[in-house]
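These notes are about the structure you will find just below.
Each chain gets a letter, A, B and so on, in the order the sequences are listed, and its residues count up from 1.
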Protein chains: 2
Amino acid sequence: MKEFIPILKRTQLFSGVGEEEIGAMLNCLQAKLCIYIKGEYVLRQGEHLDKILVLVGGKLHIQRDDYWGNRSIINMISVGEMFGEAYVAPESGTLMNDVLAVEDSAVIFFDVKRIITVCSAACRFHSIVVQNLFFAISEKNRKLVQKLTFMSKRTTREKLIAYLSEEAKRHNSNEFCIPFNRQQLADFLSVDRSAMSNELCKMRDEGLICFEKNRFGLL
Amino acid sequence: MKEFIPILKRTQLFSGVGEEEIGAMLNCLQAKLCIYIKGEYVLRQGEHLDKILVLVGGKLHIQRDDYWGNRSIINMISVGEMFGEAYVAPESGTLMNDVLAVEDSAVIFFDVKRIITVCSAACRFHSIVVQNLFFAISEKNRKLVQKLTFMSKRTTREKLIAYLSEEAKRHNSNEFCIPFNRQQLADFLSVDRSAMSNELCKMRDEGLICFEKNRFGLL
DNA sequence: ACAAATCGGTTGTATTTACAACAGAAAGAG
DNA sequence: CTCTTTCTGTTGTAAATACAACCGATTTGT
C-alpha cells in the first residue's frame, strides 16, 4: 500500500498532511487496499457501508439500473476522489446505488469510525482529515445540486447545453474533453443515446458546438 | 429569540444539546433572527453565503428559475431543517439557487466560522453541534441522490411512481399528505403541470393510486 | 491479420411531453 | 355575500422523445 501514499497526499481527504503522517495514519484508520478489474462491482445497491473509499487508480461510476434496464449514472469518481462520506451517519441505511469499476481500479478503504472519533493516540493530523472530510462532503453536495439543475431541464438539448457549459466553466476553456462516451453521457443525463446523438449533430450543424470523439468545443 | 429555543432543541443541528446550553451558544454562534413574509426571498442566486440558516417557522423552497421561466424546486425546507451547510467550505463560491419563503417564515442565521472552528471559550457542546452538522450534511447528500434517482426516470408516470413510493416509505403508510400543491409538485419533478395532472388522473382511473388534494394513497 | 465487439451516427414510427387555452371548484379578500 | 384569485382538471396540437433496427468505423482480443 505504501506506493499509493504519494497519490493519497494529493487527495482532498489528506490535503495538508505530509507523506510520513499519512503512512502513520494508514494503521490508525485501518486502511485496506482492494483491486478491481474493469466491469467489476466495487459495491452493490443494498449493501451496508461502514467505510469510506478513496480511489487511487482507475475510474468508478456511481449508478443505478431500474427494472427496465435503464441505467442512470449518478456520479463519476476519478483518481483522488472518494465515496461513502454520505453513509457515515449511524442510521444512514443501506447503499442506494451500485459502484462500478469502469476501468481497472485500485481502491483504499478507511474505517469510518476511526475517522470521525478522534483517536486517543492523538495523531496530530487527525483533525485536519476530519475537516477535509467535511469540506469534501460539502463540495459533493454542491455538485449534486448542480447536477440536479441540469437534470431538471426539460429537453435533451437544454440538458446538453447545461452540461457542456458547466464543463467549459470547470476547464476554464471553450474546448475540453468529457469523461464519458456517448452511451455513458446519455446515462448521465438520463436521455436516450440515439436521440442525444441526433441532437448533438443538429447542434453541430447549427454551429453551436463542435466535437470529435470525447473532445467538445463551444462556439 | 429566546422563544425559539424549544424549537431549536428539536432540530437536527442541536440534537443532544439542552435548552440552557443552546441559550448560551446563541451568542457564541452569533445567532440572528430574521422574519420573512410569504413570497419573499431569503437568499438569491449569486449571493455569497457565510452563514448557516435554521428554519424555526414556516416553509422554504430551494429553487431556480431559468431563462424561459421554468422553475425547478430543488428541495424543500421544513421547520427544524437547515440550509447552507454545503457552502461552509472556504472556496465554495456563490449560491446556485434562490431560497424562497413559501409561507410566512422565521429563520435563524448562525456564523459558520464560529461553528467549524472550536471556540476558545470551549463551550462543552460545541463538538456535538459539529458532529450533528456533519450528519446533517451527510443526510442531505443522500436525499439529493435519492431525488436524482427519480429525476432520472424518463416519463412523468415513472417519476410520479418513484416519488410517491418514496413518500409512502418515508411515512410508513400507503396514505400520506405531500407538502406540495400540483404546480409545486410539477416544479419539483421538473415536468409540465397539466401533463402531470393528466397522468395522475390516468393512474387514478387505472386504480394505481387515489388522491384528494394533497392526500395520496397507493393501491 | 482477422474476427468479434464496441461505438457513433442515421432513420422511421409510436409514444410522450410541452404548451396554450379554457372551465369549474375552492379559497381568499373586501 | 360577492368578487377576485388561485387551484385543478381537461382537451387539442405541435414538438420532442423513446425505441428498435441498421450500418459503417473504430477498437479490441487472439
Any Lys/Arg nitrogen of [X] or [Y] sitting under 4.0 Å from an Asp/Glu carboxylate oxygen of the other?
| X | Y | result |
| --- | --- | --- |
| B/D104 | B/K38 | no |
| B/R170 | B/E166 | no |
| A/E206 | A/K202 | no |

Members of residues 190-206 of chain B that approach DNA chain D, where some heavy atom sits under 4.0 Å away: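 Those residues whose heavy atoms fall under 4.0 Å from DNA chain D, taken from residues 190-206 of chain B in numerical order, are B/R193, B/S194, B/S197, B/N198, B/C201.
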Protein-nucleotide distance ([X], atom [atom1]; [N], atom [atom2]), rounded to Å:
| X | N | atom1 | atom2 | value |
| --- | --- | --- | --- | --- |
| A/L189 | D/dT17 | CG | P | 12 Å |
| A/E212 | D/dT26 | CD | P | 10 Å |
| B/I209 | D/dG9 | CD1 | C1' | 14 Å |
| A/K159 | D/dA16 | NZ | C1' | 11 Å |
| A/D104 | D/dT28 | CG | C1' | 14 Å |
| B/N181 | C/dA25 | CG | C1' | 15 Å |
| A/R182 | D/dT27 | CZ | P | 13 Å |
| B/D66 | C/dA18 | CG | P | 13 Å |

B/F83 versus B/K140, closest heavy-atom pair with distance: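 For B/F83 and B/K140, the tightest heavy-atom pair comes out as CA-NZ, 4.1 Å.
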A/R154 vs A/N214, nearer the 5' end of DNA chain C by closest nucleotide: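 The residue mapped nearer the 5' terminus is A/N214.
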Residue whose closest nucleotide on DNA chain C lies nearer the 5' end, A/T155 versus A/F180: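 Taking each residue's closest nucleotide, the earlier one in sequence belongs to A/F180.
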A/K213 side-chain proximity, nearest of C/dG9, D/dT27, D/dA18: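 Nearest to the side-chain atoms of A/K213, counting from C-beta on, is D/dT27.
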Does any N or O in the side chain of [X] come within less than 3.5 Å of the main-chain N or O of [Y], such that one atom is a donor and the other an acceptor?
| X | Y | value |
| --- | --- | --- |
| B/T11 | B/L8 | yes |
| A/S165 | A/I161 | yes |
| B/R71 | B/F188 | no |

